[in-house]
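A short write-up of the structure that comes next.
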Amino acid sequence: MMTLYDRVGGEAAAQRLVHGFYARARLDPQLSPVFAQAAGGDPGRWWAQHLPKMVRFWITVAGGPASYHGAPVAAHDGLGLVAAHFDAWLALWAQVLQKQLPPDCAAELYGRAARMRTVIERHVAGQPLPTPEAYRRAEAGHA
Ligand code: HEM
């Protein structure tokens, strides 16, 4: 049985997706200040670490070689994220997915990000983790 990673086109496709997404996210009016703050005084160096990490994250999530080991939820603490940031993030993600991938793969990767959004958003707001129903609603929501 092929993994989602195989179906999207493996490592090269993951690189294209992540780089395409962050090229836009870095310029987005809502998201760019958050990245600028996180990147601090040396954005070149920060992005040179962040992009490969995000490629490893999405490869792992899609069922490819498990090369990401981190704390993806807690990483969003202290960034001042509110609903509008997550809306902007997911809207860009949907755009890039639709441009680069067949609809079934795009929908699956959108659903994974939408579920993560629910978890991260509740975590940064100090709310309890979502119920299984909330996951399903988030996943069914879009794409
Ligand atoms: C909605 C779904 C989202 C997903 C799936 C996601 C995923 C991730 C992952 C996997 C990491 C790496 C964590 C680590 O260091 O190991 C990360 C870090 C980060 N994310 Fe997100 N994220 C989301 C939303 C957002 C939003 C809305 C923003 C706003 C700009 C954002 C900004 C950041 C920043 C700045 C970091 C780096 C934090 C640091 O290292 O200091 N993320 N994200």
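Every number for a ligand or one of its atoms is a count from 1 in the order of the listing. Every value quoted in this text rests on a predicted model; they were computed, and no experiment measured them.
A heavy-atom distance below 4.5 Å is not found between the side chains of Val18 and Phe57. You'll find the side chain of Tyr68 stays beyond 4.5 Å of the side chain of Met54, heavy atoms only. Looking only at side-chain heavy atoms (C-beta outward), Lys99 and Gln95 stay at 4.5 Å or farther from each other. Between Asp87 and Arg117 there is a side-chain heavy-atom pair separated by less than 4.5 Å. Counting heavy atoms from C-beta outward, Glu121 and Leu81 have side chains that stay 4.5 Å or more apart.
Atom 1 (C) of ligand 1 has its nearest heavy-atom neighbour, among Phe35, Trp89, Trp58, in Trp89. Nearest residue to atom 13 (C) of ligand 1 from Tyr22, Tyr68, Trp93 is Tyr68 (criterion: closest heavy atom). Among Arg117, Met54, His76, the residue whose heavy atom lies closest to atom 31 (C) of ligand 1 is His76.
The shortest heavy-atom distance from His50 to ligand 1 is under 4.0 Å.
The nearest pair of heavy atoms linking Asp28 to Gln30 is OD2-N, 2.9 Å.
Near Trp46, the atoms of ligand 1 lying under 4.0 angstrom from a non-hydrogen atom of the residue are 37 (C). With ligand atoms numbered from 1 in the order given, ligand 1 contributes 10 (C) to contacts under 4.0 Å with heavy atoms of Phe57. Counting atoms of ligand 1 from 1 in the listed order, those under 4.0 Å from a heavy atom of Val34 are 29 (C), 30 (C). Residue Ala38 has at least one heavy-atom neighbour below 4.0 Å for each of these atoms of ligand 1: 35 (C). Ligand 1 places these atoms under 4.0 Å from at least one heavy atom of Leu31: 29 (C), 30 (C). If you number the atoms of ligand 1 from 1 as listed, the ones under 4.0 Å from a heavy atom of Pro72 come out as 10 (C), 13 (C). Those atoms of ligand 1 that come under 4.0 Å of a heavy atom in Lys53, given as number and element, are 14 (C), 15 (O), 16 (O).
Checked against a 6.0 Å centroid threshold, the rings of Phe21 and Trp93 count as neighbours.
The nearest protein atom to atom 29 (C) of ligand 1, hydrogens excluded, is given as Leu81 CD2, 3.4 Å; this is a heavy-atom distance. Nearest protein heavy-atom contact of atom 38 (C) of ligand 1 is Ala75 O, 3.5 Å. Of all protein heavy atoms, the one lying nearest to atom 34 (C) of ligand 1 is Leu79 CD1, 3.7 Å.
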Step-by-step side-chain contact (heavy atoms from CB on, under 4.5 Å) determination, Val55 to His19: CA-CA 8 Å; Val55 172; His19 287 256; 4.3 Å; yes
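Here Ile59 contributes atom CD1 and Leu4 contributes atom CG; the two are 11.5 Å apart, rounded to the nearest 0.5 Å.
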